[in-house]
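Computed from a predicted structure; not experimentally measured.
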Amino acid sequence: MQKTYYYTDELNDDFAGTHIEAKTLPADYEFIPKTKRWKVFRFALYKLFVTPVIKLVVLLSSTKVKNKKVTKPYKKQGAYIYGNHTSYVTDAFLPTEIAFPRTADVVVSPDAVSIKHLGKIVKGCGGVAVPSDISGLKRFTSDIEWAVQNKHWVAIYPEAHIWPYYTGIRPFGSASFKYPAKSGAPVFAYTTVYKKKLFFKKPKKVVYVDGPFFADESLPLKVRTQKLRDEVYNAMCERAKLTTREYVSYVRLTDPHIAEVLNNMQKKKRKPLFPRKRREMRAFAEEMCERYGYVDVTDLDKQTADNTADR
């Protein structure tokens, strides 16, 4: 039986489930430190420990990266790579696998560096936290540009939020594509799709790499940024069609109160809806709909019916 997530906002709903309280980054926060001492620390951690571990994880896991050969001609320079965000763990190491032997910097949310004593480790592994407010945006942009100029590969998840095992590509904006649109650096897309396993319920992950994509410098900055975004988005959407296994289902509701309650109830039960609970859940949904003015529960009822049919 599938796990079900209920959502109302494709752009802002997050199902990472980390429950980490993000700290506000200080005004003098260094997004990518450049001191010699830090470079030695990062080399020791990233090159000598993290990279070999990730290579081993990729080898032993069911994750396969295909078409990585398209990146080979560009491994002597910096680049940007964009991927769909469907896994908390896998998405952390994919950029390193794709960028190898180049260093990968991964743009992450502030909560990734908010864990006490582990923030520096995440940073040393390539995590670059987005600024907490607009005051840090200039330094963040400068550090990202410095990284690419120094032959790092910068990985960005434009969907921003994690949706585990999601099989589509959620809409995302063009803001993060302004960096390669200005610099002319090559851009690659990597798309995680899910394939059915013969004897296991959990699907295997196959990652397809596409590109390179380049900004059309004959166009104004805003136009070429949007065009670059569209090319990457379309490539990812085409790859997403190769999915053959939906392990987690997502149901869209129009009222966030209902979605939140249903998601919380599933967390407590740790299991999908049972047939004997279907009537009670239907009554609950109707009560919530009446209370909050939401009138269409067709999706919820259909999803419940699908779950019970699977049994």
Side-chain angles (χ1 to χ4, degrees), residues 10-12 25 29-32 34 67-86 91 94-96 98-100 102-110 126-161 168-192 207-240:
E10 286 183 300
L11 298 178
N12 298 303
L25 301 178
Y29 183 81
E30 291 184 283
F31 296 95
I32 304 179
K34 306 173 187 65
N67 202 38
K68 196 168 66 168
K69 62 184 180 182
V70 297
T71 67
K72 190 174 181 180
Y74 303 91
K75 287 297 177 73
K76 293 184 178 180
Q77 66 183 96
Y80 291 90
I81 48 180
Y82 295 80
N84 56 327
H85 213 359
T86 62
D91 290 354
L94 275 175
T96 299
I98 295 171
F100 184 83
R102 296 258 62 89
T103 299
D105 293 313
V106 186
V107 176
V108 299
S109 63
V128 184
V130 296
S132 301
D133 51 54
I134 197 170
S135 62
L137 186 58
K138 185 176 181 180
R139 285 181 290 105
F140 173 80
T141 301
S142 177
D143 283 1
I144 291 295
E145 293 173 346
W146 175 90
V148 173
Q149 290 169 4
N150 284 268
K151 303 180 181 180
H152 292 203
W153 283 41
V154 174
I156 299 174
Y157 291 102
E159 293 174 329
H161 303 290
I169 304 299
R170 286 167 280 146
F172 51 78
S174 61
S176 63
F177 291 85
K178 190 174 182 179
Y179 307 122
K182 288 175 62 179
S183 67
V187 172
F188 295 91
Y190 58 103
T191 311
T192 301
V207 181
Y208 292 95
V209 182
D210 290 294
F213 304 95
F214 292 94
D216 186 347
E217 296 186 359
S218 66
L219 300 173
L221 178 60
K222 185 175 181 179
V223 178
R224 68 174 182 259
T225 298
Q226 184 64 43
K227 182 182 178 183
L228 187 60
R229 175 267 177 202
D230 292 344
E231 290 174 350
V232 170
Y233 180 78
N234 291 335
M236 294 171 70
C237 287
E238 285 301 310
R239 290 297 190 184

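With sequence neighbours left out, the side-chain hydrogen bond (donor to acceptor under 3.5 Å, both in side chains) criterion links Asp105 to Arg42, His152. Applying the side chain to side chain contact (heavy atoms under 4.5 Å, CB included) criterion to Phe214, with sequence neighbours excluded, gives Tyr74, Pro186, Pro212. Shown here are the side-chain hydrogen bond (donor to acceptor under 3.5 Å, both in side chains) partners of Tyr179, two or more places apart in sequence or in another chain: there are none. Take Glu238 and apply the salt bridge (charged side-chain N to carboxylate O under 4.0 Å, His left out) test, not counting sequence neighbours, and it matches Lys241. For His161, there are no ring-ring contact (aromatic ring centres under 6.0 Å, His included) partners at least two apart in sequence or on another chain. For Glu159, the salt bridge (charged side-chain N to carboxylate O under 4.0 Å, His left out) criterion is met by Arg170, not counting sequence neighbours. Residues forming a ring-ring contact (aromatic ring centres under 6.0 Å, His included) with Tyr208 (at least two apart in sequence, or on another chain): none. In this structure, the ring-ring contact (aromatic ring centres under 6.0 Å, His included) partners of Phe140, at least two apart in sequence or on a different chain, are Phe31. Annotation: ring-ring contact (aromatic ring centres under 6.0 Å, His included) contacts of Tyr80 (sequence neighbours excluded): none. In terms of the side-chain hydrogen bond (donor to acceptor under 3.5 Å, both in side chains) criterion, Gln149 has no residue partners (sequence neighbours excluded).
Between Val232 and Ala189, the closest heavy-atom pair is CG1-CB, 3.8 Å. Considering every non-hydrogen atom in both Ala147 and Ile32, the closest pair reads CB-CD1, 3.8 Å. Pro171 and Leu11 get closest at one heavy-atom pair: O-CD2, 3.2 Å.
Here the side chains of Val107 and Ile144 are in contact, with some heavy-atom distance below 4.5 Å. Residues Tyr190 and Arg239 fail the side-chain proximity criterion, which asks for heavy atoms closer than 4.5 Å. Between Asp210 and Val70 the shortest side-chain heavy-atom distance does not fall below 4.5 Å.
Each side chain to side chain donor-acceptor pair (under 3.5 Å) pair with one or both residues in residues 135-147, not counting sequence neighbours, appears once here: Lys34-Asp143, Asp133-Ser135.
Here the straight-line distance linking atom CG of Asn84 with atom OG1 of Thr192 works out to 5.0 Å at 0.5 Å rounding. Taking CD1 of Ile98 as the reference point, atom OG1 of Thr71 lies at 8.0 Å (rounded to 0.5 Å).
Of the candidates Tyr157, Phe172, Phe177, Tyr82 forms a ring pair (Phe, Tyr, Trp, His ring centres under 6.0 Å) with just one, namely Phe177.
Taking a 6.0 Å sphere around NZ of Lys68, one finds it holds more than 12 heavy atoms contributed by other residues, nucleotides or ligands.
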Acceptor/donor pairs from residues 219-228 side chains to any protein atom, 3.5 angstrom cut, sequence neighbours excluded:
residue : atom : partner : partner atom : Å
Arg224  : NE   : Ala181  : O            : 2.8
Arg224  : NH1  : Leu219  : O            : 2.8
Arg224  : NH2  : Ala181  : O            : 3.4
Thr225  : OG1  : Leu221  : O            : 2.7
Gln226  : OE1  : Ser174  : OG           : 3.3
Gln226  : NE2  : Asp230  : OD1          : 3.0
Lys227  : NZ   : Asp216  : OD2          : 3.4

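In this structure, the side chain of Trp153 does not engage the main chain of Val148 through any donor-acceptor pair within 3.5 Å. Using a distance-only test at 3.5 Å, with no hydrogens or angles considered, no donor-acceptor pair links the side chain of Arg102 to the main chain of Gly78.
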